Engineer: 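The structure that follows is given in the form of structure tokens.
As the structure is a prediction and not an experimental result, all values here were calculated from the model. In what follows, every heavy atom counts, from backbone to side chain, and hydrogens, waters and symmetry copies are set aside.
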Amino acid sequence: MTFFMKTVMKRLILMVLVLMLWGCSESSAGDGARNELVKDYGFKMEEDLKAYIGDHFDVNENYAMGNGIKILNLDKSSEELQMFPVYRDEDLIFTVLYGQETLYLSEPAFLAAIEENSEFLILKADGNIYYVSKEEILSADGEGKELSDKMKSRIEKIRDGQIDRNLMGIEKRTIRLVSQQDDQPVINEADYRNDRIIVRFVSDDIENKIRMYEAFCHGKVQDEYFGDNTYLFCFEPLNSKNLKILLDASNGLSYVLNASLDERIDNVEPVDGLETE
């Protein structure tokens, strides 16, 4: 091969590499538009959610909270936003947006779009929240604020790419309102361990349920054997209020048959790094 031909080949290879890198950067931008699930269900905000339902709806009806998604934040802010759907029976009645402040969003067109389409994104752009699909862009508050030209271009680029199926709300847990649990005893930290919970799962796909519950309680399963699909989970110590919220939220999960606290017994060995006594 002559020197000229070698030079031409090197240039061709270099051009191919540049095109490949450019293509990768383009696909990376598309990858950033994927829906990322949140699995902890926001149980630590449970009391505020119950209060909102009590102020706006009939507490004697049945309510459930779905698993959430992380909002795609196109603004310069690094704030992480999470959205969760809330249902009355099977109907989506509002979504909860958790960030620096909590917002309850119930714009009818916004909710209808979420229920009717499975391929969409929820994103923040120019300080507002939007539903984005191949077919339409909707403001979460219904005001339809004008987007900047730069942001319009970014959103259109996302719409031109692949929009994955949105799994927000595919799993649900019951919301147990205060009026439905008046007969439950107050949790006394002197009677129960504040860094663990015992959970019995629905019988199929146990390993996946263990991973899901670890994400939910922000803890880890322990090696202790209880049998009958029952496991002990340990986490950072909670006060009695948050321990009660976790217990109640756990019993509302569709894949949990029963959750209970671990009673304190004399001479129980502490869990390394978690015991506060």
Engineer: For the OG atom of S240 and the CG atom of D191, what is their distance to the nearest 0.5 Å?
Structural biologist: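 Reported to 0.5 Å precision, the distance equals 11.5 Å.
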Engineer: Side-chain heavy atoms under 4.5 angstrom apart, residues restricted to Ile, Leu, Val, Met, Phe, Trp, Tyr: same cluster for L253 and L257?
Structural biologist: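 Different clusters: L253 never reaches L257 through Ile, Leu, Val, Met, Phe, Trp or Tyr contacts under 4.5 Å.
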Engineer: The test is side chain to side chain contact (heavy atoms under 4.5 Å, CB included); show your working for F120 and I122 and say whether it passes.
Structural biologist: CA-CA 7 Å; F120 64 90; I122 305 295; 3.9 Å; yes
Engineer: Looking at I129 and L97, what are the two nearest heavy atoms and their distance?
Structural biologist: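 For I129 versus L97, the nearest heavy atoms are CG1-CD2, 3.7 Å.
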Engineer: Considering all heavy atoms of both residues, which atom of I137 and which atom of R159 are nearest to each other, and what is their separation?
Structural biologist: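 Closest pair (atom of I137, atom of R159, distance): CD1-NH1, 3.7 Å.
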Engineer: Do any N or O atoms from the side chain of D195 and from the backbone of F235 form a donor-acceptor pair under 3.5 angstrom?
Structural biologist: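 Absent.
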Engineer: Measuring only between side-chain heavy atoms, which start at C-beta, is I69 closer than 4.5 Å to Q82?
Structural biologist: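 Not touching, per the 4.5 Å side-chain cut-off.
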Engineer: Would you indicate whether the side-chain heavy atoms of Y104 and L49 approach each other to under 4.5 Å?
Structural biologist: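 Sidechains of Y104 and L49: in contact.
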Engineer: Could you pull out the closest heavy-atom pair between L74 and I155, with the gap in Å?
Structural biologist: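 Here L74 and I155 meet closest at CD1-CG1, 4.0 Å.
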Engineer: May I have the step-by-step check of side chain to side chain contact (heavy atoms under 4.5 Å, CB included) for I114 and L92, ending in yes or no?
Structural biologist: CA-CA 9 Å; I114 290 174; L92 178 63; 3.9 Å; yes
Engineer: Measuring only between side-chain heavy atoms, which start at C-beta, is L81 closer than 4.5 Å to L72?
Structural biologist: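 No, side chains not in contact.
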Engineer: To the nearest 0.5 angstrom, please state how far the CD1 atom of I71 sits from the CE atom of M83.
Structural biologist: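 Rounded to the nearest 0.5 Å, the CD1-CE separation comes to 4.5 Å.
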Engineer: So, taking the atom named CG in L247 and the one named OG in S260, what distance separates them when rounded to the nearest 0.5 Å?
Structural biologist: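 L247 CG to S260 OG: 7.5 Å, rounded to 0.5 Å.
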Engineer: Check whether N67 reaches the backbone of G169 with its side chain - one donor and one acceptor, N or O, closer than 3.5 Å.
Structural biologist: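 A pair under 3.5 Å: yes.
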Engineer: Determine whether E214 and I210 make a side-chain contact, defined as any pair of heavy atoms from C-beta on separated by less than 4.5 Å.
Structural biologist: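 In short, these two side chains touch, coming nearer than 4.5 Å.
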Engineer: Flag the pair D126 and K150 as a salt bridge only when some basic side-chain nitrogen lies within less than 4.0 angstrom of an acidic carboxylate oxygen.
Structural biologist: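 Here D126 does not pair with K150 in a salt bridge, since their nearest N and O are not under 4.0 Å apart.
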Engineer: Could you state the interatomic distance from CG (D248) to CD (E47), rounded to the nearest 0.5 Å?
Structural biologist: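 D248 atom CG to E47 atom CD measures 8.5 Å (nearest 0.5 Å).
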Engineer: Check the pair D75 / M151 against side chain to side chain contact (heavy atoms under 4.5 Å, CB included), numbers first and verdict last.
Structural biologist: CA-CA 9 Å; D75 290 343; M151 195 60 75; 3.7 Å; yes
Engineer: Check the pair L232 / V221 against side chain to side chain contact (heavy atoms under 4.5 Å, CB included), numbers first and verdict last.
Structural biologist: CA-CA 6 Å; L232 174 70; V221 68; over 6 Å; no
Engineer: How far does CD of E135 sit from CD1 of I163, to the nearest 0.5 angstrom?
Structural biologist: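 That separation rounds to 8.0 Å.
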Engineer: According to a hydrophobic-cluster definition based on side-chain heavy atoms being under 4.5 Å apart (Ile, Leu, Val, Met, Phe, Trp, Tyr only), do V202 and F216 belong together?
Structural biologist: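 Shared cluster, no.
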Engineer: So does E46 pair up with K241, basic N to acidic O under 4.0 Å?
Structural biologist: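 Looking at E46 and K241, the cut-off is not met.
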Engineer: Under 4.0 Å between a Lys/Arg side-chain N and an Asp/Glu carboxylate O for R211 and E207?
Structural biologist: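 Salt bridge between R211 and E207, a charged N being under 4.0 Å from a carboxylate O: yes.
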Engineer: Is there a donor-acceptor contact under 3.5 Å linking the side chains of T230 and D228?
Structural biologist: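 Judged by distance alone, the side chains do not pair up.
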Engineer: Supply the atom-to-atom distance L238 CG to R193 CZ, rounded to the nearest 0.5 angstrom.
Structural biologist: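 One gets 13.5 Å once the value is rounded to the nearest 0.5 Å.
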Engineer: Ignoring hydrogens, what is the shortest heavy-atom contact between L37 and M168? Give both atom names and the distance.
Structural biologist: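 Taking L37 first and M168 second, the nearest heavy atoms are CD2-N, 4.4 Å.
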Engineer: Mind checking ring pair (Phe, Tyr, Trp, His ring centres under 6.0 Å) for F110 and listing every partner two or more places apart, or none if nothing turns up?
Structural biologist: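 Counting only residues at least two positions away or on another chain, F110 forms no ring pair (Phe, Tyr, Trp, His ring centres under 6.0 Å).
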Engineer: Assess whether atom CD of Q100 is packed by more than 12 heavy atoms of other residues, nucleotides or ligands within 6.0 Å.
Structural biologist: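 Atom CD in Q100 is not crowded, with 12 or fewer foreign heavy atoms closer than 6.0 Å.
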Engineer: Whether K172 engages the ring of Y87 as a cation-pi pair (distance to the six-membered ring centre under 6.0 angstrom, angle to the ring normal within 45°) should be assessed.
Structural biologist: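 Because its charged atom sits under 6.0 Å from the ring centre and within 45° of the axis, K172 does stack over Y87.
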Engineer: In this structure, are over 12 heavy atoms from other groups packed under 6.0 Å from K220 atom NZ?
Structural biologist: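 Incorrect, the count does not exceed 12.
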Engineer: Taking only Lys NZ, Arg NE, NH1 and NH2, and the carboxylate oxygens of Asp or Glu, determine whether D58 and R88 approach each other closer than 4.0 Å.
Structural biologist: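 Answer for the salt bridge query: no.
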Engineer: Do N239 and N194 come close enough that some side-chain heavy atom pair is under 4.5 Å?
Structural biologist: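 No - every pair of side-chain heavy atoms lies 4.5 Å or more apart.
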Engineer: Do the side chains of V86 and V96 get nearer than 4.5 Å, heavy atoms only?
Structural biologist: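 With C-beta onward as the side chain, the pair touches.
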Engineer: Got N166 and S118 here, is their nearest side-chain heavy-atom distance under 4.5 Å?
Structural biologist: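 Sidechains of S118 and N166: no contact.
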Engineer: When the ring planes of Y231 and F201 are compared, do they come out parallel, tilted or perpendicular, using 30° and 60° as the limits?
Structural biologist: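 If you compare the ring of Y231 with that of F201, the planes turn out tilted.
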Engineer: Closest approach of Y255 and K209, non-hydrogen atoms and distance?
Structural biologist: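 Looking at all heavy atoms of both residues, the shortest contact is CB-CE, 3.5 Å.
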Engineer: Are the charged groups of K134 and E119 less than 4.0 angstrom apart, N to O?
Structural biologist: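 No.
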Engineer: Output yes when a side-chain donor or acceptor of R264 lies under 3.5 Å from a complementary backbone atom of Y192, and no otherwise.
Structural biologist: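 Pair found, side chain donor or acceptor close to backbone of Y192.
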Engineer: Between D262 and I198, is there a donor-acceptor pair closer than 3.5 Å when you use the side chain of the first and the backbone of the second?
Structural biologist: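 Absent.
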Engineer: Does the side chain of N117 come under 3.5 Å of the side chain of Y131 through a donor N or O and an acceptor N or O?
Structural biologist: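 The answer is yes; a qualifying pair exists.
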Engineer: Check whether any side-chain heavy atom of D205 sits under 4.5 Å from a side-chain heavy atom of N208, and report yes or no.
Structural biologist: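 Of all side-chain heavy-atom pairs linking N208 with D205, at least one is under 4.5 Å.
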Engineer: Which heavy atom of L261 sits nearest to which heavy atom of R196, and what is that distance?
Structural biologist: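 So the minimum-distance heavy-atom pair works out to CD2-O, 4.2 Å.
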Engineer: Does either side chain, that of S250 or that of Y213, offer a donor lying less than 3.5 Å from an acceptor on the other one?
Structural biologist: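 Yes, Y213 and S250 have a side-chain donor paired with an acceptor closer than 3.5 Å.
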Engineer: Hydrophobic cluster membership, with links at side-chain heavy-atom distances under 4.5 Å among I/L/V/M/F/W/Y: are Y63 and V59 in one?
Structural biologist: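 Y63 clusters together with V59.
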Engineer: How are the rings of F94 and F57 set relative to one another: parallel (under 30°), tilted (30 to 60°) or perpendicular (over 60°)?
Structural biologist: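 Parallel: the ring planes of F94 and F57 meet at under 30°.
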